[in-house]
Amino acid sequence: MSDVLVVKGLNARYGQVHVLDDVALSVRAGEVVAVVGPNGAGKTTLLRTLSGLVRERSGSVQLNGAEIGSLRPHRIARAGLAHVPEGRGTLASLTVEENLLLGAQGRSPKQAAARVAEMYDAFPVLGRLRGNRAGLLSGGEQQMLVVARGLMGEPKLLAIDEPSMGLAPIMIRDLIEMLRTAVATGVAVLLVEQNTALAAELADRVYVLVRGTVRAERAGGELPTDLLADYLV
Ligand code: ATP
């Protein structure tokens with residue numbers, strides 16, 4: 001399988017604080033890869049660095065073979081990396097459909113409408129809610145909306161920060177189904193999670209990040225709880 005994302009020697013800092021230290025990881029076509037780790041390990045910083053939001057960074061980031069490690073965020077997005085940040089991030093006063101259209105920048109109105117229709121086909125619950133204000137959706141529905149908004153631009157890689165945060169178990173089931181549907185349409189997924197059970201279930205491979213360093217890599221289904229306990233306690 002070909003690599004969608006290849007990260008090598010990635011470092012990131014906020015001023016004096018060195019948060020990512022020589023991180024290497026990859027995501028192949030058709031894969032879901034999770035990064036798990038304790039609070040403060042640098043998981044959010046990793047996604048913010050990949051999407052160009054952390055300016056003090058060095059190292060190589062390749063997306064489908066093209067170097068994107070030093071590009072500005074809008075260029076990285078255009079290259080095909082969609083970042084879904086932590087928190088729901090919908091515009092509360094806009095409808096579901098208007099929020100989706102925010103993800104369609106650079107497309108003609110006709111192309112945008114066609115992509116919205118594809119989203120409703122793939123995720124019918126969003127179609128039913130299309131005219132509702134985002135601020136009135138449940139937490140799970142809002143998470144689905146931000147994931148769908150990220151998919152609007154047909155990215156090669158969807159990078160999602162803590163999608164299960166604050167969601168009830170039944171909503172986590174819906175989210176897993178949604179991400180599996182998205183992967184079936186050809187996008188690869190890199191997700192950051194504190195919920196190791198979700199990561200183990202959903203991901204093909206899991207990296208364990210501790211204090212800014214990748215300490216282990218495992219197949220998803222095989223996540224040994226003792227290994228996680230060693231690192232995550
Ligand atoms: P959590 O699971 O708690 O969200 P995380 O693994 O996502 O944690 P980060 O949010 O990436 O970790 O934070 C990594 C480290 O960087 C922490 O020590 C944090 O305090 C620090 N940090 C994060 N953002 C900034 C910032 N803007 N300025 C300075 N330090 C920061």
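These numbers come from a predicted model, not from an experiment. Numbering of ligands and ligand atoms starts at 1, following listing order.
- Shown in contact with Val19 at under 4.0 Å from a heavy atom are these atoms of ligand 1, numbered in order with element: 14 (C), 15 (C), 16 (O).
- At a heavy-atom cutoff of 4.0 Å, ligand 1 is contacted by no atom of Arg48, backbone or side chain.
- Hydrophobic clustering (ILVMFWY, side-chain heavy atoms < 4.5 Å, transitive): Val6 and Val27 are in distinct clusters.
- Within the structure, ligand 1 lacks Gly212 among the residues with a heavy atom less than 4.0 angstrom away.
- Residue contact check: Pro38 has heavy atoms under 4.0 Å from atoms 6 (O) of ligand 1.
- In terms of heavy-atom proximity, Leu63 sits nearest to Gly80 at CD2-C, 3.6 Å.
- Ligand 1 does not have Gly37 within reach: every non-hydrogen atom of the residue lies 4.0 Å or more from it.
- Counting atoms of ligand 1 from 1 in the listed order, those under 4.0 Å from a heavy atom of Lys43 are 1 (P), 2 (O), 5 (P), 6 (O), 7 (O), 8 (O), 11 (O), 12 (O).
- Within a 6.0 Å radius of CZ in Arg107, other residues, nucleotides and ligands contribute more than 12 heavy atoms.
- Closest heavy-atom approach to atom 3 (O) of ligand 1 within the set Asn39, Val17, Leu20, Thr45: this belongs to Asn39.
- The nearest heavy-atom contact from the protein to atom 30 (N) of ligand 1 is Tyr14 CD1, 3.4 Å.
- The heavy atom nearest to atom 18 (O) of ligand 1, out of those in Ala41, Gly15, Gly42, Gly40, is found in Gly40.
- For CD of Gln105, the number of neighbouring non-hydrogen atoms (other residues, nucleotides, ligands) closer than 6.0 Å is 12 at most.
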Decide yes or no on salt bridge (charged side-chain N to carboxylate O under 4.0 Å, His left out) for Glu201 and Arg173, but give the supporting numbers first.
CA-CA 11 Å; Glu201 178 176 347; Arg173 305 269 23 120; 2.5 Å; yes

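- Residue Ile68 is not grouped with residue Leu53 when hydrophobic side chains (ILVMFWY) are merged at heavy-atom distances under 4.5 angstrom, including chains of intermediate members.
- Interface atoms of ligand 1 facing Thr44, defined by a heavy-atom separation under 4.0 Å, are 4 (O), 5 (P), 7 (O), 10 (O), 11 (O).
- Note that atom 24 (N) of ligand 1 has protein non-hydrogen atoms nearby, at separations under 4.0 angstrom.
- Val125 and Met152 fall within the same hydrophobic cluster, defined by Ile, Leu, Val, Met, Phe, Trp and Tyr side-chain heavy atoms under 4.5 Å apart, directly or through other members.
- The two residues Leu126 and Glu141 make their nearest non-hydrogen contact at CD2-O, 4.4 Å.
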